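Just below is one structure, and these are the notes that go with it.
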Amino acid sequence: MEAGLYAASLTERVVEENPRAVLGLATGSTAVPFYRALVGLGQCGLDLSSVVTINLDEYIGLPPSHVQSYHCFMNDHLFSHIHISPENIYIPNGTVEDLERECNRYDEIIRENPIDFQILGIGVNGHIGFNEPDDLLVSRTHVVDLSPETICSNSRFFNTIDEVPRRAITMGVQAILQAKKIVLMAFGKEKEDIIGKAVHGVVRTDMPASILQLHRDVTFVLDRESAAGLNYDSYVMEVVR
Ligand SMILES: N[C@@H]1[C@@H](O)[C@H](O)[C@@H](COP(=O)(O)O)O[C@@H]1O
């Protein structure tokens, strides 16, 4: 089965059980096939009109109209293709003056809308959302200085590396861990090492995704390349990118 479709079918089950489910959403190239499949399921009758969506993160300084903002990504890949009311869509606003207030506002939204289903990608350095490797992990929504690895990795979406924002607002690890179900998607050779560490390694704040080992319901949707370091053959259903 195609990986994006597999992840989307897990979402479908949640939405069929609860049409008002709260979906925690991610951006990044890994998520693109997931959204394509979800839009396809929507066209085949899956009713997404009452779901609430809460995105993980947004760059600071990019207006929603900027082509590389996560607002724009979500509109392009999902929201413009499904029927969903705009008041049910939450994405941090990285253009406000008072960022601390925005973080508090976002935590209040998450508190009022506990996440049923969280989609995650993973950064090349093991970040989830924009929770970067550090001496500590922050539980609440916060402003983060992006690491040099993340800036370098995400520069592929910008004309020059200087255009990549240096800071972002991200949901903290508490909201992620409180999601009832988590699906992390990762593809390609460049994710093999971090997937090995996230799944089998010790739980460390300098490998943020390893904290998912503390959650009771996480599904990793991987291709052969990203899963090459794991010994889970008998547990893994074959998916293709
Ligand atoms: N903040 C996002 C993450 O949420 C995402 O997981 C990561 C992976 O991106 P990609 O899927 O393009 O490798 O990209 C960004 O940094």
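Keep in mind that what you see is a predicted model, and the values were worked out from it rather than measured. Atoms within each ligand, like the ligands themselves, are counted from 1 in listed order.
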Check: of E58, K191, H127, min heavy-atom distance to atom 14 (O) of ligand 1 comes from H127

Within 4.0 Å of some non-hydrogen atom of R156, the atoms of ligand 1 are 10 (P), 12 (O), 13 (O)

The answer for which part of A26 has a heavy atom under 4.0 Å from ligand 1 is neither

Return yes when atom CD of E112 has more than 12 non-hydrogen atoms of other residues, nucleotides or ligands closer than 6.0 Å, and no otherwise.
yes

Would G129 count as a contact residue for ligand 1, given that I'm defining contact as a non-hydrogen atom of the residue lying under 4.0 Å from a ligand atom? yes

A student checking ligand 1 against G121 at a 4.0 Å heavy-atom cut-off should list atoms 6 (O)

Can you tell me if Y70 contacts ligand 1 (heavy atom of the residue under 4.0 Å from the ligand)?
yes

* **Parallel, tilted or perpendicular: rings of F158 and Y59 (30°, 60°)** => perpendicular

Exercise. Could you tell me how the ring of H77 sits relative to the ring of F73: parallel (under 30°), tilted (30 to 60°) or perpendicular (over 60°)?
Key: tilted

In ligand 1, the atoms that come under 4.0 Å of a heavy atom of G28 are 9 (O), 11 (O), 12 (O)

Assess the side chains of D47 and S49: does a donor N or O sit below 3.5 Å from an acceptor N or O?
-> yes

Quick note on ligand 1: atoms under 4.0 Å from a heavy atom of T27 include exactly 5 (C)

Between F130 and T170, the two heavy atoms sitting closest are N-OG1, 2.9 Å

> More than 12 heavy atoms of other residues, nucleotides or ligands under 6.0 Å from CD of E108: is that the case?
Replying inline: yes

Of I122, T30, V32, the one whose closest heavy atom lies nearest atom 8 (C) of ligand 1 is I122

